[in-house]
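The structure appears below as structure tokens.
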There are 2 protein chains.
Amino acid sequence: MATIRELARHCGVSVATVSRVFNTPEVVSQATRQKVEAAAAEIGYLPNESARTLATKKSNTIGLVWDIDHRRSGWRHPFLQEILVALKTALSAHGLHLLLLATGADGPDRHLRSIQRHNLDGVVLIDNGSRDPAVLGLAEAGIPCVALDLPLTGPRCTYVTSDNHGGAREAVSYLLARGHRRIATITGPARTGPGADRLDGFRAELAARGVPLPAEYVAQGDFYLDSGRNAMRDLLLLDTPPTAVFAAGDEMAVGAMQAATEAGLRVPAHVSIVGFDDIELAALIPPGLTTISQDRAGFGTAAAEALIAMIQAPEDAPPPSPIILPTSLVRRGTA
Amino acid sequence: MATIRELARHCGVSVATVSRVFNTPEVVSQATRQKVEAAAAEIGYLPNESARTLATKKSNTIGLVWDIDHRRSGWRHPFLQEILVALKTALSAHGLHLLLLATGADGPDRHLRSIQRHNLDGVVLIDNGSRDPAVLGLAEAGIPCVALDLPLTGPRCTYVTSDNHGGAREAVSYLLARGHRRIATITGPARTGPGADRLDGFRAELAARGVPLPAEYVAQGDFYLDSGRNAMRDLLLLDTPPTAVFAAGDEMAVGAMQAATEAGLRVPAHVSIVGFDDIELAALIPPGLTTISQDRAGFGTAAAEALIAMIQAPEDAPPPSPIILPTSLVRRGTA
DNA sequence: CGGGGGTATGTAACCGGTTTCAGGCAGCGT
DNA sequence: ACGCTGCCTGAAACCGGTTACATACCCCCG
């Protein structure tokens, strides 16, 4: 690898000039700039990132902190790949690199250290509902930070999430329009933003339309398949079982479909089901899961944009406002 | 952030000694070591990665190069998340960081530059079948490199893949044991390792058992759902349609199931289907897809181990041999 | 023709570590 | 007492960039 001094000697200028060609080309004369650029291309010079980071204290790198310990938490992300693609694409367009940090693998607190050690310019946080204090502390650490599906705010910290409240209302509204009046829900964990917001929206729409909601129509789930199946079993055992169920996640909706089938019921003839997420499976499982679709790539893109805005903004800029992505209902066979 | 000089002054030793405490603790006396360690903990000293990388030319970081441009290639990885988890976990255990590089987003060649600019210690390559020359060139660049599902070898380059050949043979063997003699296959793209190997295995097992394979029983697919559906439609239109189909990927198997259903056939009563991959959907779609399961986490773990071994080995060590992960048949409802 | 202002470039300090090399010191044998 | 050895420590060069500051030069104007 050629160094800046070699390149400088090679074309008879000082290292400062070479540096300027790459960083503030407008201050160097046309002639020398072209001379340096040509020589750089010829000998294949590439500025060393570590040296640059050391000198400027900016790494042009953002960290993705993600709880990896799915053995313990059982957590899997429904759209991780899409988010990664969108995030990386948007960051690359601004010359930013992406470093993967994992709370599970790196140990508690370790990612905070990593952020300092690497001079990271910002962080995006994928929520796992762990409420890890070290993760939450990031919001106050002053480093630009955007959380996904986790309502974290601070002077240089914001979050992006879907319109879970509105999506849930739309689902309920749709079921009401189809004539249902006995509508139950299978919730996500209350400690997660989406879990809480979808339940709120569900309640809000029923209340707004004057439809009663018996307490036993709210069944607790954890976003995973088995919890949906169990919850549905319980719902079907009620004296007056619901005619429609809004599951706060597609996996649970699939579990609910299985429970209904096992109980000898047909979907949607005997019971309607609406999910949330629009995972791949939703389109493939017969008769097709009606669900609320999220803007999967939007998470990554919005996170990148928010981060870049915060990085470029002055230290004391007003805190950014949260980004709420729109949802949309996808009609398929289950409702 | 405290620097090494501050820490040195703080406890009355030289910077060299502090550095040794962190890198070669065995050469510094017990007394000073403890003194330095205590002071480091007290003032929260953390060595700066960039400075370290600059001085040693080793970054303790490995790059994950991954073709992100799925808009063009339509490529999605079935187990990306599991691979990421296993890879990151294994790397973290050895103190290595993970940097995401994307051929689609970073532009052609850009990841090669990134590798040099960042002094990456190694690279893992997730194949997308693109045959990108810059990617393939990595094998010769001398940097430790392990490819996933792509038979790439070199002095410091190896790969990990499933036993695609054996898995395919097992699938065929199972169908033969169930009494089938008219067995067709839906292949993956021949340019991909798994696509080619699964077809080879399919052919080999039939040949070994003396079962004839008409040319029209080999239908071309591309691993995605639609191709499976189309291929199956064609197969069912033959004069003597197969009684069983081995699809080289689960998505195609699901497509094949759809085509069979659309043609008024029942699976497995009229036609049996075996897939490959054991994606999540396989267990959930009725009546459950019989398929060949891969060691998903094994990809990440094996890649990390191979990489670490290469990094620690002397430059002229013999090239590592490829890692072939075992597969296993999962019996469900379709065969 | 001399001075002022603006522009392009160079010099050298600095970022925070690692590492070579030299030297101090204690212990030991003679 | 002397020299030798081995262990521990420190001084300083170095990694490859950035940037504050100084300087050289040119042009224009009074």
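Here is how names work: the chains are called A, B, and so on, in the same order as the sequence lines, proteins then strands, and each is numbered from 1.
- For the pair I43(A) CD1 and dG16(D) P, the interatomic distance rounds to 13 Å; values are reported in whole Å.
- The side chain of T17(A) approaches dG10(C) more closely than any other nucleotide in the set dT18(C), dG17(C), dG10(C).
- Within the 4.5 Å cutoff, the side chain of N48(A) has no heavy atoms near those of the H118(B) side chain.
- In this structure, of dT9(C), dG17(D), dG16(C), it is dT9(C) that holds the atom nearest to the side chain of S29(A).
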message = Does V13(B) form a side-chain contact (heavy atoms from CB on, under 4.5 Å) with K35(B)? I'd like the steps, not just the answer.
response = CA-CA 10 Å; V13(B) 300; K35(B) 183 170 56 175; 4.1 Å; yes

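- Nearest-nucleotide positions on DNA chain D for M1(A) and V28(B) put V28(B) closer to the 5' end.
- Atom CD of Q116(A) and atom P of dG16(C) are 14 Å apart (whole Å).
- Counting non-hydrogen atoms under 4.0 angstrom, S50(A) reaches nothing in the nucleic acid.
- dG17(D) atom P lies 10 Å from atom CG of N119(B), rounded to whole Å.
- For dT9(C), the OP1/OP2 oxygens have a side-chain nitrogen or oxygen of T32(A) closer than 4.0 Å.
- Nucleic acid contact for V13(B): sugar-phosphate only, since backbone atoms but no base atoms lie under 4.0 Å from a heavy atom of the residue.
- Applying side chain to side chain contact (heavy atoms under 4.5 Å, CB included) to W66(B) and the options L101(B), L125(B), L80(B) leaves one that passes, L80(B).
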task = Test L307(A) against V124(A) for side-chain contact (heavy atoms from CB on, under 4.5 Å), laying out the working first.
result = CA-CA 8 Å; L307(A) 216 35; V124(A) 5; 3.7 Å; yes

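- For the side chain to side chain contact (heavy atoms under 4.5 Å, CB included) with I62(B), the qualifying choice from V146(B), V123(B), L91(B), I115(B) is L91(B), the only one to do so.
- In this entry the distance linking CZ of R52(A) with C1' of dC14(C) reads 17 Å, nearest Å.
- Taking CE of M1(A) as the reference point, atom NZ of K57(B) lies at 9.5 Å (rounded to 0.5 Å).
- Comparing dT11(C), dC21(C), dT18(C) against the side chain of R20(B) picks out dC21(C) as the nearest.
- Atom C1' of nucleotide dT18(C) and atom CD of E49(B) are separated by 13 Å, given to the nearest angstrom.
- The structure places OG of S92(A) at 7.5 Å from NE2 of H97(A), a figure rounded to the nearest 0.5 Å.
- Side chain of A16(A), nearest nucleotide from dT19(D), dG16(D), dA11(D): dT19(D).
- At whole-Å resolution of the value, CG in N23(B) and P in dG16(C) are 17 Å apart.
- Residue contacts for T53(B): at a heavy-atom cut-off of 4.0 Å it reaches no nucleic acid atom on any strand shown.
- For N48(B), the side-chain atoms get nearest to dG17(C) when compared with the rest of dT18(C), dC15(D), dG17(C).
- The line from CD of E42(A) to NE2 of H10(A) is 4.0 Å long, rounded to the nearest 0.5 Å.
- Map V15(A) and E26(A) each onto its nearest nucleotide of DNA chain C; the residue landing nearer the 5' end is E26(A).
- Using a 4.0 Å heavy-atom cutoff across all strands shown, Y45(B) reaches sugar-phosphate atoms only and no base atom.
- Residues from residues 3-10 of chain A placing a heavy atom under 4.0 Å of any atom in DNA chain D, listed by number, are T3(A), I4(A), R5(A).
- At the heavy-atom level, S19(B) lies under 4.0 Å from base atoms of the strands shown.
- We find that NZ of K57(B) is positioned 13 Å from C1' of dT19(C), with the value rounded to whole Å.
- A heavy-atom distance below 4.5 Å is found between the side chains of S162(B) and F299(B).
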Atom pairs, N/O to N/O, protein against nucleotides 25-27 of chain D, distance under 3.5 Å?
none

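- Residue R9(A) holds its CZ atom at 13.0 Å from CD1 of I4(A), rounded to the nearest 0.5 Å.
- Of the inter-residue distances, the one linking I126(A) atom CD1 with I83(A) atom CD1 reads 5.0 Å to the nearest 0.5 angstrom.
- For S14(A), the side-chain atoms get nearest to dG10(C) when compared with the rest of dT18(C), dG10(C), dG17(D).
- In the interface, the side chain of R117(A) is not paired with the base of dG16(C) through any donor and acceptor atom under 3.5 Å apart.
- Nearest nucleotide to the side chain of L54(A), out of dT19(D), dC15(C), dT18(C): dC15(C).
- In this structure, the separation between CZ on R52(B) and OG on S59(B) is 11.5 Å, given to the nearest 0.5 Å.
- The NZ-P distance, from K35(B) to dC8(D), rounds to 14 Å in whole Å.
- Relative to the axis of its first five pairs, the axis of the last five pairs of the helix from dC1(C)-dG30(D) to dT30(C)-dA1(D) sits at 60°, rounded to 10 degrees.
- The six-membered or imidazole ring of F22(A) lies near that of Y45(A), with a centre-to-centre distance under 6.0 Å.
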